[in-house]
Amino acid sequence: GELWRRLDHVGKNPTLLTGVFERSSRVYYNSDGTVRDSISALSNEESHSFFMFGDKMMARVANAKFLDDNGVDQQQGQALLVNYKIKSDSLVENVEFGTRRFQDPDNMPYSWTGTRRSQAFSIDQKYFTLTQSRSSGTKNVQYFKKIE
């Protein structure tokens, strides 16, 4: 058998982020503020990245095809379920469940501290941005477009 319980609502107590966003681009900045690299991240048949925000939980889904020499997909998609809070100009996330690499806190990306991370964010009518800053002064800024 299975036991289910509701973890969140969508629209009952909405936040600025309640809705569905698709990553549209990523820009890497050098410590002097110049652009090091700019990457389009729009979805296509082999790759997509969505952030789906409820009122207090967020599901992040990232899928990208990466075939090895034998033609076997090594990526097979990843998803992360977090509870989130907006604190001033930061998005604070705490992991509830993750697939593949996200199941072990030792395998989290550099921006995470254990099962938690906080990133600067901003939002306007169409986009929200997440900014990851490193101690070296470099920045990774991701742009997400609201689609629902």
Side-chain angles (χ1 to χ4, degrees), residues 1-11 15-85 90-124 126-148:
E2 295 181 11
L3 178 63
W4 295 87
R5 68 182 171 102
R6 178 178 292 278
L7 297 175
D8 196 8
H9 292 274
V10 177
T15 71
L16 293 171
L17 293 171
T18 299
V20 179
F21 294 81
E22 178 181 25
R23 186 165 59 194
S24 60
S25 64
R26 178 184 295 230
V27 180
Y28 295 95
Y29 293 91
N30 295 314
S31 57
D32 65 1
T34 59
V35 174
R36 180 178 56 175
D37 198 3
S38 180
I39 302 168
S40 173
L42 292 172
S43 292
N44 59 48
E45 63 185 45
E46 295 186 353
S47 175
H48 65 266
S49 179
F50 295 100
F51 281 36
M52 295 167 273
F53 289 91
D55 296 352
K56 64 181 181 177
M57 302 291 287
M58 183 255 289
R60 176 184 324 180
V61 179
N63 290 311
K65 188 183 286 187
F66 178 73
L67 303 179
D68 66 10
D69 293 339
N70 297 320
V72 177
D73 188 0
Q74 297 299 302
Q75 189 74 8
Q76 300 174 7
Q78 300 171 39
L80 184 64
L81 178 66
V82 302
N83 63 50
Y84 77 94
K85 291 184 178 165
S90 294
L91 175 65
V92 179
E93 302 168 85
N94 290 288
V95 174
E96 292 289 327
F97 178 79
T99 59
R100 293 191 58 170
R101 77 175 192 191
F102 296 117
Q103 292 177 359
D104 180 358
D106 294 334
N107 291 331
M108 298 299 269
Y110 78 88
S111 59
W112 292 82
T113 303
T115 58
R116 176 188 163 108
R117 84 167 165 187
S118 179
Q119 300 178 87
F121 94 102
S122 64
I123 189 165
D124 62 27
K126 285 188 169 184
Y127 291 91
F128 91 88
T129 62
L130 288 175
T131 302
Q132 297 169 339
S133 299
R134 291 192 177 203
S135 58
S136 63
T138 61
K139 291 182 183 178
N140 167 15
V141 181
Q142 298 179 71
Y143 296 88
F144 295 84
K145 183 175 182 177
K146 188 166 189 170
I147 59 173
E148 283 185 41

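Numbers here are sequence positions counted from 1.
- For the pair Val35 and Tyr29, the minimum side-chain heavy-atom distance is below 4.5 Å.
- Glu93 pairs by the side-chain contact (heavy atoms from CB on, under 4.5 Å) definition with Met58, Arg60, Val82, Leu91, Trp112, Arg117, Gln119, not counting sequence neighbours.
- The structure places CD1 of Ile123 at 10.0 Å from CG of Leu130, a figure rounded to the nearest 0.5 Å.
- Qualifying side chain to side chain donor-acceptor pair (under 3.5 Å) partners for Ser122, counting only residues two or more places apart in sequence or in other chains: Thr129.
- Applying the side-chain contact (heavy atoms from CB on, under 4.5 Å) criterion to Ser135, with sequence neighbours excluded, gives no partner residue.
- Closest heavy-atom contact between Lys56 and Leu7: CE-O, 2.9 Å.
- Taking CZ of Phe21 as the reference point, atom CD of Gln142 lies at 13.5 Å (rounded to 0.5 Å).
- With rounding to the nearest 0.5 angstrom, the OH atom of Tyr127 is 7.5 Å from the OG atom of Ser25.
- Contacts of Thr18 classified as side-chain contact (heavy atoms from CB on, under 4.5 Å), with partners at least two apart in sequence or in another chain: Val10, Pro14, Thr15, Asp55, Tyr84.
- With sequence neighbours excluded, the residues satisfying side chain to side chain donor-acceptor pair (under 3.5 Å) with Tyr28 are Arg26.
- Looking at residues two or more places apart in sequence or on another chain, you find a side-chain contact (heavy atoms from CB on, under 4.5 Å) between Thr138 and Arg134, Ser136.
- Under the ring pair (Phe, Tyr, Trp, His ring centres under 6.0 Å) criterion, Phe144 pairs with Phe51, Phe128, not counting sequence neighbours.
- Other residues, nucleotides and ligands contribute over 12 non-hydrogen atoms within 6.0 Å of the NZ atom of Lys146.
- When atom types are taken as modelled, the side chain of Asp68 and the backbone of Asn70 share a donor-acceptor pair closer than 3.5 angstrom.
- The nearest pair of heavy atoms linking Val27 to Tyr143 is CG2-CE1, 3.8 Å.
- Thr34 pairs by the side chain to side chain donor-acceptor pair (under 3.5 Å) definition with Asn30, Asp32, not counting sequence neighbours.
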